[in-house]
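Take a look at the structure set out below.
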Amino acid sequence: MLNNLDFSVIPLALPAIGKGLLFSLQLTIVAMIGGVILGTLLALARLSGGKWLAGAAKVYVDLMRSIPLLMMILWFFFLIPLLTGRPVGQENSAMITFTLFQAAFYSEIMRAGIQSIPRGQVNAALAIGMTYWQSMGHVVLPQAFRNMVPVLLTQTFILFQDTSLVYAIGATDMLKAAENAGMLYGRTVEMYLFVSVIYFAICFSLSMFVKYMNKRIAIIR
Amino acid sequence: MNYHWNWDIFFQTIPSGDETYLMWVIHGLGWTVAISLAAWVIALVLGSLAGILRTVPNRRIAMIGDVWVEFFRNVPLLMQLFLWFFVVPELLPRDLSLWVKQDMPAKEFITAVLALGLFTSARVAEQVRAGIQALPRGQRNAGLALGFTQAQTYRYVLLPMAFRIIIPPLTSEFMNAFKNSGVAYAVGVWELVFVSRQMVEETGGQVIESLLVPTVLYIVCAYAANRIMAVVERRSHVPGFIVAK
Amino acid sequence: MIQIQNVSKWYGQFQVLTECSTSISKGEVVVVCGPSGSGKSTLIKCVNGLEPVQQGKIVVNGTAVTDPGTNLPKLRSHVGMVFQHFELFPHMSITENLAIGQVKVLGRSQDEARERGLKLLDRVGLNAHANKFPGELSGGQQQRVAIARALSMDPICMLFDEPTSALDPEMINEVLDVMVELAQEGMTMMVVTHEMGFARKVANRVVFMDQGRIVEDASKDEFFGQPRSDRAQQFLSKILNH
């Protein structure tokens with residue numbers, strides 16, 4: 001019952017949980033930056049690459065999108081040592097997995113963003129003498145990126161929640177840190193409740209921020 | 001990389017002796033499908049309800065739907081699963097708490113279904129709300145002007161179109177239900193993720209085989225979900241009405 | 001039949017209707033016109049309670065619409081309404097569109113509702129399209145079906161909210177013809193429209209609105225002859241010299 005709860009151990013566990021949270025955030029940011037860059041390249045490959053490059057990018061994106069992330073985490077964790085001959089550690093494995101996995105999702109967003117820019121924009125850029133790639137870099141991508149900020153952030157929101165899945169390979173994110181602390185002090189229930197509140201606070205703020213961005217962008221248009 | 005393929009592992013018996021790994025995988029698939037489908041039913045029913053509530057004219061009632069969605073979509077699924085499995089039983093009255101912890105049948109399965117179902121319901125609710133709000137405002141008025149009550153307007157006018165519009169996003173959510181069901185391994189349901197982890201450990205490093213078969217089965221499940229929804233979409237097609245692909 | 005007494009309405013701080021009063025007796029055809037944003041569409045939606053009002057009183061056939069205890073669905077079931085954007089139900093065939101209200105609200109049998117629906121469809125000249133869906137018809141055809149749908153409920157009066165303003169010019173007349181016929185049969189009608197030709201032909205009275213107020217409420221001849229207010233004069237000259 002509620003009155004058996006003892007939250008006094010939380011201050012003791014704070015440093016460990018903070019460290020876990022830091023890893024969750026670090027993983028989110030690395031995968032977001034890496035994923036957006038790689039995803040944009042994949043989107044460009046699909047839209048402007050030759051037949052083979054476009055095909056390969058499509059297969060990659062479709063494959064990543066049809067496999068559960070949890071399985072993907074296991075795949076990379078066990079496969080990287082097989083390929084490289086040495087273990088890379090849970091944390092590094094998680095970063096590689098999340099970047100490669102999220103790239104597929106970000107690429108779909110960027111592709112939609114690029115396609116939403118009217119053809120006339122490219123024509124106008126070509127008409128003033130830009131090359132195709134200049135028109136992409138100076139005209140299309142900046143607009144596509146700006147239009148897609150809310151969607152990219154929504155994907156990042158999902159990404160942040162998904163970082164908890166690194167639990168499967170024993171990487172110490174916030175959830176795992178809470179579990180460890182819970183076992184150490186024999187207060188699992190309190191620890192889980194505590195980190196739930198932190199997750200909620202972060203996700204709720206992020207989703208409010210996305211809503212705010214959506215409104216702002218709607219006004220700019 | 002020199003990897004020794006050995007597909008025979010699926011016909012080896014598990015350490016305790018009475019089953020082959022292949023049977024294990026098949027059982028795993030069964031649990032995955034059972035969790036996903038049961039959770040999807042919960043998600044559809046509660047998600048539709050919450051989504052509808054969010055669009056009713058009465059702001060106070062609409063708030064209930066809003067709170068529901070915020071609550072279930074802002075905490076990671078795995079965390080929610082742990083809350084249902086480890087935390088909620090502790091907060092129940094003493095007798096009920098004891099029963100849940102000691103005697104409740106299929107506790108792992110039921111908790112996993114509940115957690116996945118509620119998590120997915122928030123996302124379904126978001127889609128249902130968007131679908132209803134995407135309809136022209138005049139449709140609600142036209143229903144009311146005919147003398148329908150609010151409930152009848154939803155039943156005969158708004159929902160039939162709203163659900164048709166949101167079939168594509170609902171299809172993704174249905175597929176996601178399969179993909180997300182893997183977290184159930186964390187509370188000990190013997191579904192596909194559990195089986196493949198177990199096989200990696202027990203077969204002495206037959207990593208690729210152990211992961212590949214469950215992975216393919218997940219893809220097959222998600223594809224089947226996609227096809228089922230495609231049939232629903234075709235059957236419910238309205239002549240003269242183009243649903244955006 | 002319809003009494004509107006001192007009705008005022010606000011959207012938040014913004015006042016959309018200011019002390020509007022008028023009444024429509026049985027068999028009368030009243031055209032409501034005025035520049036866009038004058039509140040005429042809002043006013044007509046108040047008549048069957050689609051929009052609530054904060055002040056004043058609206059009575060339809062002896063029932064106070066503005067009374068919180070009023071059974072609005074029951075009242076609306078015998079007040080027909082036609083919308084600017086037709087608002088046929090896109091997932092139902094034309095026949096189903098005509099039957100749904102009769103079956104679910106009036107409690108008629110499917111067969112009875114179907115028969116009545118087909119009769120009305122014949123009347124608006126669309127018999128051949130009974131089994132099509134709204135998305136397969138032109139705008140003018142959809143609006144005629146919408147009129148038939150409203151008539152299928154055997155309304156005691158009809159409200160038209162800019163019924164032709166979303167139509168291509170060549171389709172306007174097919175809808176107006178149906179409305180003229182209806183007026184000549186003695187239906188009580190309140191019509192928000194810019195179609196002054198229609199007003200000249202069948203209206204008994206014209207109500208002119210501007211900035212949420214009823215500026216002019218006069219017989220047809222008076223209104224077109226010598227409108228009292230400057231605003232109405234300006235409006236008329238703009239529309240007629242167009």
Side-chain angles (χ1 to χ4, degrees), chain A residues 1-5 24 62-63 65-85 154 157-158 160-169 173-176 178-179 182 188-208, chain B residues 1-3 32 69-94 97 119 123 172 175-176 178-186 192-194 196-197 200-201 205-208 210-212 214-223 226:
Chain A
M1 286 290 285
L2 273 172
N3 48 19
N4 293 336
L5 293 180
S24 299
D62 287 351
L63 191 69
R65 284 175 10 114
S66 55
I67 298 174
L69 175 55
L70 199 46
M71 286 307 290
M72 228 47 232
I73 293 172
L74 295 180
W75 268 110
F76 279 96
F77 184 63
F78 291 118
L79 214 54
I80 294 172
L82 268 183
L83 289 170
T84 61
T154 304
F157 170 88
I158 296 171
F160 174 67
Q161 292 201 359
D162 280 348
T163 58
S164 59
L165 295 178
V166 299
Y167 180 91
I169 52 172
D173 71 322
M174 184 162 68
L175 182 53
K176 185 75 188 174
E179 187 188 74
T188 306
V189 172
E190 289 85 344
M191 291 300 163
Y192 281 155
L193 277 174
F194 178 61
V195 293
S196 298
V197 172
I198 300 180
Y199 272 123
F200 184 86
I202 294 175
C203 294
F204 187 73
S205 326
L206 192 56
S207 72
M208 285 297 126
Chain B
M1 173 178 133
N2 50 0
Y3 182 81
T32 292
V69 169
E70 294 302 341
F71 196 79
F72 287 111
R73 65 171 228 142
N74 283 318
V75 176
L77 173 57
L78 187 60
M79 183 76 250
Q80 288 192 35
L81 179 63
F82 284 176
L83 286 180
W84 288 109
F85 195 80
F86 296 112
V87 176
V88 171
E90 300 295 334
L91 307 180
L92 295 171
R94 195 165 171 279
S97 170
F119 176 78
R123 306 168 63 136
S172 327
M175 294 167 75
N176 281 340
F178 279 94
K179 288 199 251 170
N180 289 334
S181 67
V183 295
Y185 97 88
L192 286 173
V193 170
F194 195 101
S196 59
R197 280 169 57 100
V200 170
E201 273 175 33
Q206 294 304 319
V207 174
I208 299 184
S210 306
L211 292 174
L212 192 58
T215 302
V216 169
L217 289 175
Y218 269 116
I219 296 177
V220 170
C221 284
Y223 185 74
N226 182 296

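Quantities reported herein were computed from a predicted structural model and do not represent experimental measurements.
- For A:Q161 (side chain) and B:R73 (main-chain N/O), a donor-acceptor pair under 3.5 Å exists by modelled atom type.
- Contact of A:L175 with chain B is made through the side chain alone, with heavy-atom distances under 4.5 Å.
- B:S97 places a side-chain N or O within donor-acceptor distance of the main-chain N or O of B:P89, the cut-off being under 3.5 Å.
- Side-chain N or O atoms of B:T32 include one that pairs as donor or acceptor with a backbone N or O of B:L192 at under 3.5 Å.
- For the options B:Q80, B:R197, B:M175, heavy-atom pairs under 4.5 Å to chain A are most numerous at B:R197.
- B:V193 is not listed as a side-chain neighbour of B:V183, based on a closest heavy-atom distance of 4.5 Å or more.
- The parts of B:I219 that come within reach of chain A are both its backbone and its side chain, each placing non-hydrogen atoms under 4.5 angstrom from that chain.
- Of the two parts of B:S181, neither the backbone nor the side chain holds a non-hydrogen atom closer than 4.5 Å to a non-hydrogen atom of chain A.
- For the pair A:I169 and A:F78, the minimum side-chain heavy-atom distance is 4.5 Å or more.
- Among all heavy-atom pairs drawn from B:Y185 and A:A168, the shortest one is OH-CA, 3.1 Å.
- If you measure heavy-atom distances from A:Y167 to chain B, the contacts under 4.5 Å come from both the backbone and the side chain.
- Residue A:L74 comes nearest to B:S196 through the heavy atom pair CD1-OG, 4.3 Å, listed as atom of the first residue, atom of the second, then distance.
- Taking B:N180, B:L212, B:L77 one by one and counting their heavy-atom pairs under 4.5 Å with chain A, the maximum is reached by B:L212.
- Proximity to chain A (any heavy atom under 4.5 Å) is shown, for B:V75, by both the backbone and the side chain.
- Checking side-chain atoms of A:S24 against main-chain N and O of A:M174 turns up a donor-acceptor pair under 3.5 Å.
- Between chain A and the residues B:N176, B:V216, B:V87, the most heavy-atom pairs under 4.5 angstrom are made by B:V87.
- Using a 4.5 Å cut-off between heavy atoms, A:I67 contacts chain B through both its backbone and its side chain.
- Looking at A:M208, the atoms closer than 4.5 Å to chain B (heavy atoms on both sides) all sit in the side chain, from C-beta outward.
- At a 4.5 Å heavy-atom cutoff, A:A178 makes no contact with chain B through either its backbone or its side chain.
- When heavy atoms are compared at a cutoff of 4.5 Å, B:F119 approaches chain A solely by way of its side chain, counted from C-beta outward.
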